[in-house]
Structure formats: structure tokens, C-alpha cells
Amino acid sequence: MRTAHRVETVRAAETRLMDRLPDGALMARAATGLATAAAELLRRVYGSRVCLLVGSGDNGGDTLHAGAALARRGAGVSAVLLSPGRAHAGGLAALRAAGGLVLEAPEAAGESEVPGEVTRRVREADLVLDGIVGIGGKGGLRPVAARLARTAYEGRPAILAVDLPSGIDADSGEVNGDAVRADATVTFGTYKPGLLIDPGREHVGALRLVPIGIEPGAPDLEALQYADVAALLPVPGVESDKYRRGVVGIAAGSTRYPGAPVLAVTGALRGGAGAVRYAGSAADAVTARHPETLVSSGLPSEAGRVQAWVVGPGLGDGDEARAALDDVLATDVPLLMDADALSLAGPDRIRARTAPTLLTPHAGEAARLLGADRADVEARRLDAVRALADRLGATVLLKGSTTLIADPGGTSPVRVNATGTSWLATAGAGDVLSGLAGSLLATGLPPREAASAAAHLHGLAARRAAGGGRGGAPITAYDVAEAIPGAWRDVREG
Ligand SMILES: NC(=O)C1=CN([C@@H]2O[C@H](COP(=O)(O)OP(=O)(O)OC[C@H]3O[C@@H](n4cnc5c(N)ncnc54)[C@H](O)[C@@H]3O)[C@@H](O)[C@H]2O)[C@@H](O)CC1
Ligand SMILES: Nc1ncnc2c1ncn2[C@@H]1O[C@H](COP(=O)(O)OP(=O)(O)O)[C@@H](O)[C@H]1O
Ligand SMILES: [K+]
């Protein structure tokens, strides 16, 4: 499990530890880890050119100490002080003692006064260390810092962010104005939520944790790794039969959207349930693709027993849609609500449910349920997913470039999905996810676990389908569904 903690929690843990350690010990640990990561990025330290962007706080202190260590190993290190009078004194002395060069580009002087020598040092560096702000940062980069970050980004240097890319909000991943775009980030003690959630996450690059000994306790955010997901995935026992494995029902589709239920069924068939029932008007399309589906065209409750229902994909908003929705809302089995079902049901009827309920909105659907703007939801996903879960009294999986899962009540950490690819932003991918998550619900997993395992497999399947590291190729939602068994095997086999 990868865990992240909010700034307040990190600071409290640091204070507890610092009380037991000599002054400067934590910063020394942080700087050592940072210098090691910088050396790996540089490959050859001796003779390399390193430029430090240094703000007024301890983040700048870490950076100056790491710069001093690199200078001692033969790098040519220059530090650009953005608040010259307030730079970390110990770090500055260490850098000077190691032969580093100190330059100034005061924020107060403004963008037009940045000395040419500073711009040249940034542009010509092999590596720029972003020590502008860390967890003490508020808001986006100020103009001088923004300009230097841009110079580095547009030039040749690799950019290594110290603790977090300056300008992103550590607690939420919100980016309010300009922020550093790093090739790599070295974070200290624990992950910060903003490193794992977009839009902040996009700025992070390769992420590495340097332990410094803090014990921050229960996390605010967590990301399941292979082993965590493997422990959740149901495996049929020797005595299993299709009913004991769980049966999932899909109430979806309309004459206008006959394809969505096919995709939901495709995901469901690969999600661990022993059988999939389909209730709705697209029975022919479903059996044409999946003859193994048990189909019916009446109301869901007349289709036979299931251990979980999925309602919504392609349901539309006609009378049949409303009747199907009313019918499944009246059942007491676990229910996954997606797409049209979310807007048709509305907040009050969702809140009124007492059986386990999982909602899978994308940002637009979440915004409608919250009465907010889509852009606000995307800028502050963590707040949005928590607020939705609390207000609707249901587990919420918020889709998008970062997928988050929250239970109501705020007692358990929000989950962030660690897999995926932007190729997944393709029509119908959400339908596959709802079938997959519904199937896992039917096997008996609670909503939070079913949602987490489904999101993980779905993202992994998309990566397998799209192929290749940084590249990849366009995929269809159906490709994602077909890649689920391979993703499942990857997870189970570690
Ligand atoms: N506290 C500790 O025990 C440790 C802290 N460490 C480092 O210390 C950092 C936190 O240090 P600080 O609390 O000094 O805070 P920061 O260094 O993150 O920044 C604080 C300073 O930046 C200014 N500032 C805030 N927002 C700004 C903005 N948008 N543009 C420009 N300046 C801005 C503030 O006025 C303040 O003076 C961590 O991120 C980490 O790098 C590490 O050394 C490990 C141990
Ligand atoms: N930029 C992105 N990067 C990664 N995954 C994404 C991105 N955009 C969307 N996704 C994922 O793709 C899927 C799209 O689902 P959804 O929006 O419901 O589409 P549809 O309604 O067409 O099925 C979700 O799993 C979502 O998390
Ligand atoms: K930083």
C-alpha cells in the first residue's frame, strides 16, 4: 500500500521526531536522499552543471545542502536565491564552503530584472533542482520563479522537484496558477496527496520517496498496489458453482443506446461473478456478442436472483429507464449506479438507500449531483469525492484522469487508483468499468473494495491494451474489457 498524508499530519510527525533528534538531522537525511537521486539523474556528477532554484524556506535548505553534496563530488553548482535575505543560512554556508556559486533573482525585483547570468545558468544546466517551495507553499509560482521554471522546462535541463513540484497544492493536487513541471520528484517521509492526484500529479514525473524516519500514522489517502489488489480478487474454490461465485445483474441500455449494455456485460463477464443476467431492451445485441448472458426484457426484479445490480449505462431517461431504476432501487442487494441512473435517481433517492451502494460518476455527473461546475470538480477532486460520498451516504468512485474512491463519513482514507493511461479516455470505457465493478460486488466484496479492485484492473487492462511505456496506441472500450483477464493474471502473479 502506498500511503499519503496531509501537510498538517506531516508537520506533526516531523515535530515529534525532531524532538528526539539533533538539530538539522531531518534536513540532512532529506538532502542526502535528494543528492543521491540527483546523482542518478545526472549519471556522471563530476563535471556536470547543476542549478538550484532556492526559495525562503526549508525546502530551499534541503536543496542547498544537496547542492553542496553534489559540488563536493565535482559538479559545478550555482544557486539562484529568490528571497536573498531569507535563504536557509546553514544550507547557504554549506554550498559556499563546497565551492558553489550564489546568484540572486529576487522576486521583489520583478520578472524584468532577472540577471542574464541567472537565465544562462538555468538554461545551460544539466539538472535544475526546484527548491522554491515545499509543503509550506501557498498558491502558484510568483512571476520570477514562474519565468525561471519555464526557462528550465523549455531548455535542456532535467528538472528534479524537491518534496513536491513548487506551485502544486500538497494536500489536494490543485494547481492555482503556474507550477513547476518536473521530470522527477523526490518526496520526504511520506507521499503527499497532491503528488498522486491530478492536476498536481501531472507535474510530478517519476516519483520517489526518501524515508526520513517520520511516523505519521493513519493516512489521508492510499493507493493499492498489486499485492493489495491480489488479496481482494475472488478465486473460485473447488466446490464453487456459478451461483456460489455470485451472479451480477445489468439493467442498462435503451433503443437509443444499445451498445453500452454490451460493454457493461463484457466487463461483468470478466469480473469474477459466475453468471451475468441482463434485463432491458438490448437483449438481442447482448446475446449476439455474449451468448453466455442470461437475458430478459422485463423488469430487473423479474430476471431472477442476483447478488448485485448495475444500473445505468445507456439507460436513457424514458419511461422504461425510470421503471427499471425504480425497480432496482427497491431491492436490498448491493447496487452500482452509473451514468443516466445517477441523474434520474437524484440525490434524495440515492441517500434513502440502506443497502450497499456504489456510485461511479465522471466529473460532469459528479458536478451535477453536487450542484457545482465540472471544472471545479476536476480542479479539486479530493474535496469533490469526499463531499459526494458524505452528502449521498454512498461509496463514490469518481472517474477521470485520476480515479478516487471515497466512503461516506470520512473515517477511512480515500483511495487513489494507481493504474491507467490517458488512452482510457475513450467512449464506453466507463461502461466496462461499471460491469467489472458490479461483478466484483456480486462476488461479495464491499463497495469500496470492489471499486478499488475494479479501477485497478481496468487501468491495468487499458495499459496492456494500449501497449508500450510512454507511447501506446488508441484502444476501444472493448479492447480494455478483453485485456481484463491478462491484467487479473498480472495482479495475481505479482
Ligand atoms: N520540517 C521538517 O522537519 C522537514 C522539512 N523538510 C523540508 O522543508 C519543507 C517545508 O519547509 P517550510 O515550512 O520552511 O516551507 P517551504 O520551504 O515550503 O516554504 C515556506 C516559505 O515559502 C514562502 N512561500 C509560500 N508560498 C510561496 C509561493 N507561492 N511562492 C514563493 N514563496 C512562497 C513562505 O512565505 C515561506 O517563507 C518541506 O517541503 C521539505 O522540503 C525536510 O528538510 C525534511 C524535514
Ligand atoms: N485522461 C484520462 N486518463 C486516464 N483515464 C481516464 C482519463 N479520462 C477518462 N479516463 C477513464 O476512462 C473511463 C471513462 O469513463 P466515462 O467517462 O464514464 O466514459 P463513458 O461514459 O464513455 O463510458 C473512466 O474509467 C475514467 O476514469
Ligand atoms: K519544491
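Start at 1 and go down the list; that is how both ligands and their atoms are numbered.
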Will you find, in the side chains of Ser434 and Asp431, an N or O donor that is under 3.5 Å from an N or O acceptor? no
What I want to check is whether the side chains of Arg123 and Thr151 have a donor and an acceptor closer together than 3.5 Å. no
Atom 14 (C) of ligand 2 has as its nearest protein heavy atom Gly430 N, 3.8 Å
Residues Lys399 and Thr360: side-chain donor-acceptor under 3.5 angstrom: no
Taking only Lys NZ, Arg NE, NH1 and NH2, and the carboxylate oxygens of Asp or Glu, determine whether Glu40 and Arg208 approach each other closer than 4.0 Å. yes
About how large, to 10 degrees, is the angle O of Val162, then the K ion (ligand 3), then O of Leu164? 70°
When you measure from atom 4 (C) of ligand 2 to every protein heavy atom, which one gives the shortest distance, and what is it? Thr421 O, 3.1 Å
Judged by modelled atom types alone, do His456 and Thr419 share a side-chain donor-acceptor pair under 3.5 Å? no
min-distance N/O/S atom, Asp130 vs the K ion (ligand 3), resolves to O
Would you tell me which option among Ala437, Ala425, Gly428 has the nearest heavy-atom contact to atom 20 (P) of ligand 2? Gly428
If you draw the axis of the six-membered ring of Phe188, does the NZ or CZ of Arg29 fall within 45° of it and under 6.0 Å from the ring centre? no
Which protein heavy atom lies closest to atom 2 (C) of ligand 2, and at what distance to 0.1 Å? Ser401 CA, 3.4 Å
Which atoms from ligand 1 have a heavy atom of Gly137 less than 4.0 Å away? 18 (O), 25 (C), 26 (N)
Only heavy atoms count here, so choose which of Val210, Ile214, Asn176, Asp58 is nearest to atom 12 (P) of ligand 1. Asp58
Flag yes if more than 12 heavy atoms outside Arg256 fall under 6.0 Å of its CZ atom; otherwise flag no. no
At under 4.0 Å between heavy atoms, what of Ile135 touches ligand 1? The answer is both
Would you indicate which of Gly177, Gly57, Ser56 comes nearest to atom 36 (C) of ligand 1 when only heavy atoms are counted? Ser56
Given side chains that start at C-beta, do those of Val118 and Leu148 come closer than 4.5 Å, heavy atoms only? yes
Would you say the side chain of Leu160 lies within less than 4.5 Å of the side chain of Val128, judging by non-hydrogen atoms? no
To check your reading of the model: name the closest protein heavy atom to atom 18 (O) of ligand 1, its residue, and the distance in Å. Gly134 N, 2.6 Å
May I ask you to identify the nearest protein heavy atom to atom 44 (C) of ligand 1, giving residue, atom name and distance to one decimal place in Å? Ile212 CD1, 3.8 Å
Between Val377 and Ala366, which heavy-atom pair has the shortest distance, and what is it? CG1-CB, 4.3 Å
Close side-chain approach of Asp169 to Pro193, heavy-atom, < 4.5 Å: no
Proximal atoms of ligand 2 relative to Ala427 (non-hydrogen, under 4.0 Å): 22 (O)
Tell me: protein heavy atom nearest atom 11 (C) of ligand 2, and distance? Leu424 CG, 3.8 Å
Please work out which of the three classes, parallel, tilted or perpendicular, describes the rings of Tyr478 and His290, given edges at 30° and 60°. parallel
Taking the basic N atoms (NZ, or NE/NH1/NH2) and the acidic carboxylate oxygens, is any pair closer than 4.0 Å for Arg201 and Glu174? no
When you measure from the K ion (ligand 3) to the N, O or S atoms of Pro165, does any of those distances fall below 3.4 Å? no
Looking at Asp19, I want to see if its CG is surrounded by more than 12 non-hydrogen atoms of other residues, nucleotides or ligands under 6.0 Å. yes
Enumerate the atoms of ligand 2 whose separation from the nearest heavy atom of Thr403 is less than 4.0 angstrom. 27 (O)
What is the closest protein heavy atom to atom 24 (C) of ligand 2, and at what distance does it sit? Lys399 CD, 3.6 Å
Report yes or no: does a heavy atom of Arg86 sit under 4.0 Å from some atom of ligand 1? yes
Keeping the roles fixed (side chain from Ser172, backbone from Arg380), state whether a donor-acceptor pair exists under 3.5 Å. no
Write out the residue and atom name of the closest protein heavy atom to atom 25 (O) of ligand 2, then the distance separating them to 0.1 Å. His458 CE1, 3.2 Å
Of all the non-hydrogen atoms in the protein, which one sits nearest to atom 38 (C) of ligand 1, and at what distance? Asp163 OD2, 3.2 Å
The K ion (ligand 3) reached by Val133 (N, O or S, under 3.4 Å): yes
Going by heavy atoms in the side chains, are Arg381 and Asp198 under 4.5 Å from each other? yes
Any heavy atom of Gly400 closer to ligand 2 than 4.0 angstrom? yes
Numbering as shown, the atoms of ligand 1 that approach Gly139 to under 4.0 Å (heavy-atom distance): 29 (N)
Any idea which atoms of ligand 1 are less than 4.0 Å away from a heavy-atom of Leu26? 3 (O), 45 (C)
Any N or O on Val133 sitting closer than 3.5 Å to an N or O of ligand 1? no
Ligand 1 and Gly140, any nitrogen or oxygen pair closer than 3.5 angstrom? yes
Look only at interatomic distance and state if Leu141 has a nitrogen or oxygen under 3.5 Å from any nitrogen or oxygen of ligand 1. no
Examine all N, O or S atoms of Val180, backbone included, and report whether one is under 3.4 Å from the K ion (ligand 3). no
At less than 4.0 angstrom from any non-hydrogen atom of Met18, what atoms of ligand 1 do you find? 3 (O)
Report yes if some heavy atom in the side chain of Leu41 is under 4.5 Å from a heavy atom in the side chain of Asp183; otherwise report no. no
Determine the sole option in Thr9, Asp171, Asp163 for which the side-chain hydrogen bond (donor to acceptor under 3.5 Å, both in side chains) test with Lys192 is passed. Asp163
Heavy-atom nearest option to atom 1 (N) of ligand 1, drawn from Lys138, Glu14, Arg29: Glu14
Heteroatom N/O/S of Asn59 within less than 3.4 Å of the K ion (ligand 3): yes
Looking at atom 43 (O) of ligand 1, what's its closest protein heavy atom, distance included? Asp62 OD1, 2.4 Å
One pair to check against side-chain contact (heavy atoms from CB on, under 4.5 Å): Arg2 and Leu196. What are the steps and the verdict? CA-CA 10 Å; Arg2 183 177 266 200; Leu196 306 178; 4.2 Å; yes
Check each atom of ligand 1 against the heavy atoms of Arg11 and keep those under 4.0 Å away; list them by number with element. 13 (O)
Flag Leu433 as yes when one of its N or O atoms lies below 3.5 Å from any N or O atom of ligand 2, and as no otherwise. no
If you measure from CD on Glu202 to CD1 on Ile197, what distance do you get to the nearest 0.5 Å? 13.0 Å
Considering heavy atoms of the protein only, find what lies nearest to atom 17 (O) of ligand 1 and give residue, atom and distance to 0.1 Å. Asn59 N, 3.0 Å
Among Arg142, Met27, His88, Lys192, which one has a heavy atom closest to atom 32 (N) of ligand 1? Arg142
May I ask you to identify the nearest protein heavy atom to atom 17 (O) of ligand 2, giving residue, atom name and distance to one decimal place in Å? His362 CD2, 3.5 Å
Is there a side-chain contact between Arg386 and Val414, using heavy atoms and a 4.5 Å cut-off? yes
